[in-house]
Peer 1: 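Before I ask anything, let me first share the structure, which is written out below as structure tokens.
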Amino acid sequence: MRQIAIVGSGPAGYYTAEAANKKWGDDVRVDVFDALPVPYGLIRSGVAPDHQSIKKVALRYEKTALSSNVRFVGNVSVGDDITVRELQELYDAVILATGAPNDRQLQLEGDQLDNVFGSAEFVGWYNGHPKFADLNPDLSGKHAVVIGMGNVALDVARILAKTSAEMRGSDIVAHAFEALHTSNLETITILGRRGPHQIMMTPKELGELLQLQRAAPSVDHADLPPPADDTNLEPGLRKSVELLRKFADLPEESHAKTAITIDFRFFAGPKAFYGKDGRVTQVECERMNVVDGRPVGTGELFRLPADLVISCIGYRASPLGDVPFDQRAGRFDSVDGRISPGLYCVGWAKRGPTGTIGTNRPDGYNVMELVAEDMTSGSHKRGREGFDELASERGLEIVTFSDWQKIEGAEVAAARSGAPREKFVDIASMIAAKS
Ligand code: NAP
């Protein structure tokens with residue numbers, strides 16, 4: 001019998017559990033740990049609430065979670081309730097699928113002003129992650145600035161721009177739904193330090209900006225390279241740049257008809273934030289050139305009004321005890337997912353915050369090959385039984401998958417009209433709902 005512990009129940013965690021199941025069937029026991037009492041990681045608290053079709057992938061993880069040899073162990077924080085070393089003593093393989101939950105920091109003057117947030121905080125707020133549910137952003141101002149030109153920046157801009165009617169059918173949590181309903185935004189500026197050919201936004205997500213009821217995207221023609229230069233772009237990026245050209249060609253009436261302009265500002269590197277009475281009011285930017293693909297400052301500074309700033313410039317994993325960690329890259333130090341024999345990482349904890357949900361699938365299957373290489377026969381580690389003993393000694397309140405199903409049932413029952421669920425946003429309510 002092989003005993004495997006997976007730390008993290010997001011896509012990387014459940015694809016890895018699925019791979020273990022496929023490889024060893026009845027000869028493996030897999031415990032999937034999560035610090036929260038609820039599973040699915042970024043599917044629940046990262047994927048945009050209006051992208052319900054993407055969230056359906058959780059049904060696949062549920063199938064794995066319900067198989068007889070896989071168990072969800074919620075409400076157990078590895079690092080606090082039990083160390084990685086202790087897990088290693090109990091299990092043959094420990095696989096870290098902890099994602100990259102922390103914001104990369106801009107580290108600019110003024111970034112501590114009120115209403116300057118990172119995307120982990122802001123996305124966590126509208127998705128009801130218990131850590132960020134109390135963020136309470138002030139949405140009463142006219143101007144929001146979103147920093148970065150990736151898909152997270154697009155998610156944030158779109159959620160800020162949508163009307164309550166457009167959010168019907170989403171699982172945005174009530175506190176964010178209500179706050180966004182009263183927002184007074186007129187501009188959402190998306191700041192990119194490089195140019196249109198360097199954006200990280202994908203065409204499907206970019207195209208959604210053309211469907212918005214009260215907002216329209218805007219691009220300055222002067223920022224676009226000559227169309228002939230698009231020919232050598234890879235097809236996805238070429239489609240995204242075609243959309244930027246469409247945004248630049250939108251007639252004046254499109255903007256006159258809508259209350260909010262989503263303004264793409266290229267070649268603008270954030271330099272500092274300025275405020276009044278402790279709250280942000282302006283972002284100072286430097287005009288940039290792109291030289292050999294890199295952003296290079298020109299020294300020319302300008303300021304944009306900013307009542308709310310959300311920096312969407314990527315994420316970092318959280319170090320865990322003495323597990324080797326690459327501080328520069330913000331992820332665990334591994335060779336293709338092997339940290340050391342018996343200890344592995346997958347997903348964003350291994351690769352950093354890149355790729356789609358599906359990218360985690362090969363990670364899970366590949367790491368199982370490493371586990372198999374390092375562990376040629378079954379062992380006699382105590383696994384699940386040993387963990388349960390330790391959990392009861394420490395008085396841990398484990399949340400099982402069937403507990404989660406009760407929590408989910410209560411969330412579905414509490415949903416506002418048209419919504420799939422109303423999430424609990426604090427751990428105590430989640431625990432109470434399982435009883
Ligand atoms: P990302 O795609 O890496 O984009 C990060 C952006 O931040 C880039 O435009 C980058 O510009 C900019 N940036 C980095 N450092 C900066 C700095 N110091 N100053 C100004 N700008 C800076 O990251 P992400 O948007 O967080 O997305 C993470 C992953 O999740 C991606 O793989 C993304 O596709 C995926 N995702 C997918 C979806 C979806 O499919 N619907 C939704 C959300 C997220 P430079 O390029 O100049 O560095």
Side-chain angles (χ1 to χ4, degrees), residues 10-12 41-57 99-109 111 116-124 126-127 145-159 170 189-209 236-237 239-241 244 264-273 283-297 304 309-317 328-331 347-360 363:
L42 270 197
I43 301 298
R44 179 176 169 102
S45 58
V47 171
D50 59 338
H51 279 173
Q52 287 299 313
S53 58
I54 298 181
K55 288 181 192 258
K56 288 217 169 80
V57 72
N102 307 312
D103 281 308
R104 271 191 63 216
Q105 301 292 326
L106 275 167
Q107 290 177 319
L108 296 178
E109 185 189 332
D111 61 7
V116 177
F117 303 111
S119 52
E121 296 173 297
F122 195 74
V123 172
Y126 63 60
N127 272 329
V145 172
V146 177
I147 300 172
M149 288 210 172
N151 281 332
V152 171
L154 272 182
D155 279 349
V156 166
R158 190 182 67 254
I159 297 296
S170 81
T189 303
I190 305 185
L191 275 192
R193 59 182 173 176
R194 299 192 290 158
H197 277 186
Q198 286 84 33
I199 60 170
M200 304 293 282
M201 298 161 165
T202 45
K204 182 177 161 289
E205 284 66 27
L206 204 51
E208 287 178 62
L209 298 190
L237 180 57
K239 274 194 194 146
S240 290
V241 175
L244 294 178
F264 285 74
R265 293 290 290 255
F266 296 98
F267 308 109
K271 283 274 129 189
F273 304 105
V283 180
E284 184 172 76
C285 303
E286 181 176 9
R287 180 95 188 147
M288 311 298 276
N289 284 329
V290 177
V291 180
D292 297 331
R294 299 171 63 84
V296 177
L304 295 171
V309 174
I310 300 136
S311 142
C312 308
I313 63 159
Y315 301 104
R316 294 172 61 82
R328 194 192 51 80
R331 59 180 184 230
W348 284 8
K350 165 192 160 190
R351 289 180 278 113
T354 57
T356 63
I357 291 164
T359 316
N360 293 298
D363 272 8

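Start at 1 with the first residue, then count along the sequence. Both ligands and their constituent atoms are indexed starting at 1 by order of listing.
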Peer 1: Can you list the ligand 1 atoms lying under 4.0 Å from a non-hydrogen atom of Tyr315?
Peer 2: 26 (O)
Peer 1: Which heavy atom of the protein is the closest neighbour of atom 3 (O) of ligand 1, given with residue, atom name and distance?
Peer 2: Met200 CE, 4.2 Å
Peer 1: Just heavy atoms, cut-off under 4.0 Å: does Lys204 contact ligand 1 by side chain, backbone, both, or neither?
Peer 2: neither
Peer 1: Could you tell me whether a side-chain N or O of Asp50 sits under 3.5 Å from a main-chain N or O of Ser170, the two making a donor and an acceptor?
Peer 2: no
Peer 1: Spell out, as yes or no, whether a donor-acceptor pair under 3.5 Å connects the side chain of Asp155 to the backbone of Val47.
Peer 2: no
Peer 1: CG of Leu108 to CD1 of Ile147: how many Å apart, nearest 0.5 Å?
Peer 2: 7.5 Å
Peer 1: Do any N or O atoms from the side chain of Asp363 and from the backbone of Ala12 form a donor-acceptor pair under 3.5 angstrom?
Peer 2: no
Peer 1: Quick one: which ligand 1 atoms are inside 4.0 Å of a heavy atom on Gly355?
Peer 2: 32 (O), 35 (C)
Peer 1: Measuring only between side-chain heavy atoms, which start at C-beta, is Arg104 closer than 4.5 Å to Arg316?
Peer 2: yes
Peer 1: What I'd like to find out is whether the side chain of Val283 reaches to under 4.5 Å of the side chain of Arg265, using heavy atoms alone.
Peer 2: no
Peer 1: Tell me which protein heavy atom sits closest to atom 16 (C) of ligand 1, plus the residue, atom name and distance to 0.1 Å.
Peer 2: Arg193 CZ, 3.4 Å
Peer 1: Where is the nearest protein heavy atom to atom 12 (C) of ligand 1: which residue, which atom, and how far?
Peer 2: Gly148 CA, 3.9 Å
Peer 1: Is there a nitrogen or oxygen of Asn151 sitting under 3.5 Å from a nitrogen or oxygen of ligand 1?
Peer 2: yes
Peer 1: For ligand 1, which part of Cys312 has a heavy atom less than 4.0 Å away: the side chain, the backbone, both, or neither?
Peer 2: backbone
Peer 1: How long is the straight-line distance from CG of Leu154 back to CG of Leu209, given to the nearest 0.5 Å?
Peer 2: 5.5 Å
Peer 1: Is there a nitrogen or oxygen of Ile54 sitting under 3.5 Å from a nitrogen or oxygen of ligand 1?
Peer 2: no
Peer 1: Is there at least one pair of N or O atoms, one from Asp155 and one from ligand 1, spaced under 3.5 Å apart?
Peer 2: no
Peer 1: Between Gly150, Ala120, Gly269, Gly358, flag the one that comes closest to atom 4 (O) of ligand 1 by a heavy atom.
Peer 2: Gly150
Peer 1: Would you say atom 23 (O) of ligand 1 makes contact with the protein, given that contact here means a non-hydrogen protein atom less than 4.0 Å away?
Peer 2: no
Peer 1: Do the non-hydrogen side-chain atoms of Arg44 and Asn127 ever get within less than 4.5 Å of each other?
Peer 2: no
Peer 1: Mind checking whether Phe266 and Phe264 have parallel, tilted or perpendicular rings, split at 30° and 60°?
Peer 2: parallel
Peer 1: Examine the side chains of Asp103 and Ser311 and answer whether a donor and an acceptor come within less than 3.5 Å of each other.
Peer 2: no
Peer 1: Looking only at distances, please establish whether an N/O atom of ligand 1 is found under 3.5 Å from an N/O atom of Met149.
Peer 2: yes
Peer 1: At their closest point, which heavy atom of Pro11 faces which heavy atom of Asn360, and how far apart are they?
Peer 2: CB-ND2, 3.8 Å
Peer 1: Flag Gln198 as yes when one of its N or O atoms lies below 3.5 Å from any N or O atom of ligand 1, and as no otherwise.
Peer 2: no
Peer 1: Answer with side chain, backbone, both or neither: which part of Leu106 has a heavy atom less than 4.0 angstrom from an atom of ligand 1?
Peer 2: side chain
Peer 1: Less than 4.0 Å is my threshold; does some heavy atom of Arg104 fall inside it relative to ligand 1?
Peer 2: yes
Peer 1: Check Glu205 against ligand 1 and report side chain, backbone, both or neither, counting heavy atoms closer than 4.0 Å.
Peer 2: side chain
Peer 1: Do the side chain of Arg194 and the main chain of Gly293 share a donor and acceptor less than 3.5 angstrom apart?
Peer 2: yes
Peer 1: Using a strict cut-off of 4.0 Å, indicate which atoms of ligand 1 neighbour a heavy atom of Pro353.
Peer 2: 28 (C), 29 (C)
Peer 1: How far is atom 30 (O) of ligand 1 from its nearest protein heavy atom, and which residue and atom is that?
Peer 2: Trp348 CZ2, 3.6 Å
Peer 1: Regarding atom 13 (N) of ligand 1: of the candidates Ile199, Thr356, Ile313, which has the closest heavy atom?
Peer 2: Ile313
Peer 1: Check this for me - ligand 1, Arg194, N or O atoms closer than 3.5 angstrom, yes or no?
Peer 2: yes
Peer 1: With a 4.5 Å cut-off on side-chain heavy atoms, are Leu106 and Phe273 touching?
Peer 2: yes
Peer 1: Is Thr354 near ligand 1, meaning one of its heavy atoms is under 4.0 Å from it?
Peer 2: yes
Peer 1: I'd like to check which ligand 1 atoms, numbered from 1 as shown, lie under 4.0 Å from a non-hydrogen atom of Val152.
Peer 2: 24 (P), 25 (O), 26 (O), 27 (O), 43 (C), 44 (C)
Peer 1: How about Lys55: does its NZ atom have over 12 heavy atoms from other parts shown lying under 6.0 Å from it?
Peer 2: yes
Peer 1: Would a search of protein heavy atoms around atom 10 (C) of ligand 1 find one under 4.0 Å away?
Peer 2: no
